[in-house]
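Right, one structure below, let's go through it.
A quick note: this is a predicted structure, and the numbers were derived from the prediction, not measured. So you know, we letter chains A, B, ... as the sequences are listed, proteins then strands, and number each from 1.
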Amino acid sequence: MPELPEVEVVRAGLERHVRHATITVVEVLHPRPVRRDPGGPAGFAAALRGRRIDTVRRRGKYWWLGLDNGDALLGHLGMSGQMLVRPPGAPDERHLRIRFGLDRPLELRFVDQRMFGGLLVSPGGADLPAEIAHIARDPLDPEFDQVEVARRVRRRTSGIKRLLLDQTLVSGIGNIYADEALWRAGVHGDRPGTRLSRGQALEVLGQARAVMAEALAEGGTSFDALYVNVNGQSGYFDRSLHAYGREGSPCDRCGTAIRRVAFMNRSSYYCPGCQRPPRRGPEPTPR
DNA sequence: ACTACGTCCTGCTTGC
DNA sequence: TGCAAGCAGGACGTAG
């Protein structure tokens with residue numbers, strides 16, 4: 001599940017390998033990944049053919065290629081998306097959805113099994129696509145204002161985990177890093193924002209930034225030069241996780257068994273020993 | 001403005 | 001052995 005660190009690894013890989021290249025061919029093999037592009041597959045392809053890639057940027061889990069005409073190719077990897085750089089003769093991946101030919105012996109490929117991700121052309125979006133104007137700055141953005149975000153968190157009644165996943169409040173955090181940040185801060189995800197102290201709100205946000213920065217540092221090598229066989233969900237950071245996916249294992253801090261509870265059609269992992277549930281409010285469902 | 005929930009997708013795993 | 005349910009979950013639309 002690509003969250004901010006994984007997307008940043010992809011962004012850096014794209015910058016290294018395809019920046020300054022010109023797109024010569026666009027082949028849309030499945031319409032779904034361009035569903036958000038008003039031009040549809042044909043318009044999408046036509047708008048990109050002949051364009052040179054000038055910049056490669058990211059905000060939260062979105063990334064985009066700034067093009068020489070001021071437009072942008074905006075992308076989101078969703079759950080299972082990958083942007084791969086391959087030699088043109090390489091066999092098609094099973095879930096290859098979009099192929100870009102370049103003016104160099106490389107192909108850019110969007111591969112996505114479940115197609116929650118997608119690409120679109122953003123007119124005039126090279127600096128910041130209008131389509132993601134609602135996405136907040138992420139914790140690794142130099143202009144991220146942690147104090148202001150903490151203030152906003154403390155005015156919201158939703159549980160802190162839900163707030164961490166709200167991309168209009170703070171972007172880039174997904175289910176895994178939300179659980180890790182909360183474990184590190186010793187705060188239960190069901191605690192309402194309004195019931196966090198100023199220090200706790202700042203601590204949770206600071207831990208979110210820290211865990212994602214550490215994951216990024218460990219993932220810096222996962223985007224290989226020519227043969228990018230790495231998928232966005234690679235396990236390079238798994239060893240460093242303290243909560244996510246560790247149901248039943250002893251907490252690394254206090255030894256209590258990590259618990260998994262249902263949360264918004266997914267799972268939350270936490271330590272009942274050092275992340276005490278709020279007294280009032282939703283009772284975590286065991287199992 | 002905020003909150004909460006349903007939906008989209010496919011393939012692997014689990015259970016009867 | 002076969003088949004269906006369960007599970008993974010980010011972002012968005014919608015209703016309240």
Tell me what [X] touches on the nucleic acid: a base, only sugar-phosphate, or nothing, going by heavy atoms under 4.0 Å.
| X | value |
| --- | --- |
| A:His30 | nothing |
| A:Arg152 | nothing |
| A:Phe263 | nothing |

| Spacing of CD belonging to A:Glu3 relative to OH belonging to A:Tyr177, to within rounding of 0.5 Å | 6.0 Å
If I take atom [atom1] in residue [X] and atom [atom2] in nucleotide [N], what distance separates them, rounded to the nearest angstrom?
| X | N | atom1 | atom2 | result |
| --- | --- | --- | --- | --- |
| A:Met115 | C:dG10 | CE | P | 18 Å |
| A:Arg35 | C:dA11 | CZ | P | 12 Å |
| A:Asp112 | B:dT10 | CG | C1' | 10 Å |
| A:Arg94 | B:dC12 | CZ | P | 6 Å |
| A:Asp166 | B:dC2 | CG | P | 9 Å |
| A:Asp37 | C:dC12 | CG | P | 15 Å |

| Linked hydrophobic residues, A:Val25 as query - side chain contacts closer than 4.5 Å | none
| On a plain distance test, is the side chain of A:Arg266 in donor-acceptor contact with the base of C:dG10 below 3.5 Å? |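 Indeed, a donor on one side and an acceptor on the other fall under 3.5 Å apart.
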| field | Under 3.5 Å donor-acceptor pair, A:Arg162 side-chain atoms to B:dA4 base atoms | value |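 Checked by distance alone, the answer is no.
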| task | Assign each of A:Tyr269 and A:Arg36 to its nearest nucleotide of DNA chain C by heavy atoms, then name whichever residue's nucleotide is nearer the 5' end. | result |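 Nearest nucleotide further toward 5': that of A:Tyr269.
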| request: Examine C:dA11: is either OP1 or OP2 under 4.0 Å from a nitrogen or oxygen in the side chain of A:His134? Give yes or no. | output: no
Under 3.5 Å, side-chain donor or acceptor atoms of residues 41-52 of chain A against the rest of the protein: list the pairs with distances, not counting sequence neighbours.
unit_1  : atom_1 : unit_2  : atom_2 : d
A:Arg51 : NE     : A:Asp68 : OD1    : 2.6
A:Arg52 : NE     : A:Asp54 : OD1    : 3.0
A:Arg52 : NH2    : A:Asp54 : OD1    : 3.2

| message | I want to verify a distance call: between C:dA8, B:dC5, B:dT3, whose nearest atom is closest to the A:Leu163 side chain? | response |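 That would be B:dT3.
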| Looking only at heavy atoms, which two atoms of A:Arg109 and A:Pro88 are closest? And how far apart? | NH2-O, 3.8 Å
